[in-house]
Amino acid sequence: MSAPTYGNYHGYYTKRPVLNDERLASLPKGLFGKARVLDVGCNEGWVTCEIAQSYGAHFVVGVDIDESLISGAWRRRRTVWSMQEPTKRKATTENDGEDRESALPKKKKRKLEEAADEQSECTPKRHYFPASCEHEFGSLPIPPSSVRGKNVFPHNITFRTADWVNKDIHEDAEGYDVVVGFSISKWIHLNEGDEGLERFFKKVHRVLRPGGSFVLEPQPWDSYAKARRMSQKLKENAKHLLIKPTDFESVLKEIGFSSAKHFGTIGEGGFSRPIDLFVKN
């Protein structure tokens with residue numbers, strides 16, 4: 001396997017195992033509620049699935065440059081669904097086929113969506129069934145969205161393979177309420193240089209709706225030293241970097257973001273990093 005020069009570590013969350021991601025828990029309550037969310041550098045989709053399942057988001061997109069990680073993210077979605085507590089409130093229709101959803105009357109569609117909103121506010125327990133059940137018996141089949149509602153997990157999530165810094169995805173056109181960038185700034189910086197990092201920040205600003213939030217977990221400058229040894233390209237790029245993580249806030253303010261709201265340093269050991277939130281002015 002080639003070196004993870006984009007931070008595309010396989011098995012990342014076996015090294016950082018959590019049932020409930022403390023980075024998400026540190027953020028303001030309601031940040032993701034009924035929001036359209038983009039998770040950049042989603043890896044195998046652990047955080048993406050948690051936002052979609054437990055935080056009431058209407059729609060969540062996970063994007064990563066590594067196609068094999070995105071395949072793992074789709075598997076993660078199904079695994080998380082299989083371990084979820086049976087739904088207590090269920091929106092039903094007379095037709096039981098996903099392909100018939102478009103044929104439903106507008107009034108019935110509206111009721112389905114309202115039921116989905118109610119359901120998102122009383123999220124089933126995420127780890128109701130032990131992991132051994134999913135391992136032994138396989139993943140549960142996912143019901144059609146016409147039964148559960150399109151804004152309820154697992155139908156409120158999708159994944160894309162893309163070099164997002166340099167290439168738009170289909171979902172960008174509609175914009176987002178929240179963009180999450182956990183532990184990716186270093187890899188963008190080393191691969192794309194100062195110019196590429198600024199291009200990333202500007203793109204986040206562009207795809208955010210007015211008043212939207214950018215959640216950033218920047219890696220510290222001293223962690224760049226080990227990462228740049230992964231390839232000659234990273235080593236050469238690192239020589240020309242002038243922007244440092246301590247400069248990120250001023251760069252983002254120049255682009256059009258508010259001052260950072262700091263939520264402390266989260267995590268332990270090498271995963272101890274600040275969590276900051278910037279609002280699009």
Side-chain angles (χ1 to χ4, degrees), residues 4 7-57 60-64 69 72-73 75-77 79-81 83-85 120-131 153-154 156-157 159 176-188 204 212-223 226-227 245-246 248-249 252 259-279:
N8 51 322
Y9 291 99
H10 290 249
Y12 177 78
Y13 283 99
T14 63
K15 300 176 183 177
R16 192 174 187 165
V18 289
L19 294 182
N20 300 292
D21 197 292
E22 57 189 345
R23 295 170 296 181
L24 296 177
S26 72
L27 295 168
K29 185 177 180 182
L31 176 67
F32 300 108
K34 298 185 179 181
R36 185 176 170 87
V37 183
L38 175 67
D39 181 13
V40 184
C42 68
N43 197 269
E44 292 177 308
W46 286 51
V47 166
T48 328
C49 285
E50 186 172 347
I51 294 171
Q53 184 190 39
S54 300
Y55 285 85
V60 187
V61 183
V63 62
D64 200 281
L69 288 178
R75 292 193 296 271
R76 177 66 185 171
R77 168 182 178 258
T79 294
V80 171
W81 159 251
M83 295 169 63
Q84 177 177 293
E85 178 185 20
S120 67
E121 295 173 1
C122 52
T123 305
K125 293 180 182 177
R126 297 178 60 218
H127 300 282
Y128 183 82
F129 293 107
F153 187 79
N156 63 341
I157 187 170
F159 296 100
Y176 306 97
D177 301 297
V178 184
V179 173
V180 176
F182 282 160
S183 295
I184 57 167
S185 57
K186 173 176 68 179
W187 302 106
I188 294 171
V204 171
S213 298
F214 176 33
V215 180
L216 181 65
E217 179 193 22
Q219 297 103 315
W221 181 249
D222 58 13
S223 71
K226 181 179 178 180
T246 51
F248 288 0
E249 181 172 359
L252 286 162
S259 298
K261 297 180 181 178
H262 303 289
F263 293 93
T265 300
I266 308 298
E268 299 178 358
F271 295 115
S272 180
R273 298 164 188 160
I275 301 296
D276 299 326
L277 186 150
F278 302 86
V279 175

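Being a predicted model, the structure only gives us computed values, none of them experimental.
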Query - Phe248 and Asp276, any side-chain heavy atoms less than 4.5 Å apart - result: no
Query raised in the report: Quick one: does Arg23's side chain have a donor or acceptor within less than 3.5 Å of a partner on Ile266's backbone?
Result: no
**Report entry** Atom of Pro220, atom of Arg273 and distance for their closest heavy-atom approach
**Finding:** CD-CG, 4.2 Å
Query raised in the report: In Å, rounded to the nearest 0.5 Å, how long is the span from CG of Leu277 to CG of Leu27?
Result: 6.5 Å
Requested in this report: Compare every heavy atom of Pro154 with every heavy atom of Trp81, then report the nearest pair and how far apart it is.
Outcome: CE3-CD, 3.7 Å
Report task. Supply the atom-to-atom distance Ile275 CD1 to Glu217 CD, rounded to the nearest 0.5 angstrom. Result -> 4.0 Å
Report summary line: The reported gap from CZ in Arg76 to OH in Tyr13 (rounded to nearest 0.5 angstrom) is 10.0 Å
Query - Heavy-atom pair of closest approach, residues Asp64 and Asn43 - result: OD2-N, 2.9 Å
Report task. Please report the C-alpha distance between Val61 and Tyr176 in whole Å, then the side-chain angles of each, then the deciding distance to 0.1 Å, and finally whether the side-chain contact (heavy atoms from CB on, under 4.5 Å) criterion is met. Result -> CA-CA 10 Å; Val61 183; Tyr176 306 97; 4.2 Å; yes
Requested in this report: Indicate yes or no: at least one non-hydrogen side-chain atom of Ser54 is less than 4.5 angstrom from one of Phe32.
Outcome: no
Report task. Answer yes or no: is there a side-chain heavy-atom contact under 4.5 Å between Val215 and Phe182? Result -> yes
Query raised in the report: Shortest non-hydrogen contact from Asn20 to Glu50?
Result: CA-OE2, 3.5 Å
Query raised in the report: Do Gln219 and Ser185 have side-chain atoms, one donor and one acceptor, less than 3.5 Å apart?
Result: yes
Query raised in the report: Would a 4.5 Å heavy-atom cut-off, applied to side chains only, mark Tyr55 and Leu31 as touching?
Result: no
Query raised in the report: So which heavy atom on Phe159 is nearest to which on Cys49, and how close?
Result: CZ-SG, 4.2 Å
Requested in this report: For residues His262 and Glu249, determine if any side-chain heavy atom of one lies less than 4.5 Å from a side-chain heavy atom of the other.
Outcome: yes
**Report entry** Contact check, side chains of Phe153 and Gln84, non-hydrogen atoms, under 4.5 Å
**Finding:** yes
Query raised in the report: Does the side chain of Thr246 come within less than 4.5 Å of Trp221's, by heavy atoms?
Result: no
Report task. Taking all non-hydrogen atoms of both residues into account, name the closest pair between Ala35 and Val178 and its distance. Result -> CB-CG2, 4.4 Å
Query raised in the report: Do Trp46 and Asp21 pass the side-chain contact (heavy atoms from CB on, under 4.5 Å) test, and can you show the C-alpha distance, the side-chain angles, and the key distance before you say yes or no?
Result: CA-CA 9 Å; Trp46 286 51; Asp21 197 292; over 6 Å; no
Query raised in the report: When the ring planes of Tyr12 and Phe271 are compared, do they come out parallel, tilted or perpendicular, using 30° and 60° as the limits?
Result: perpendicular
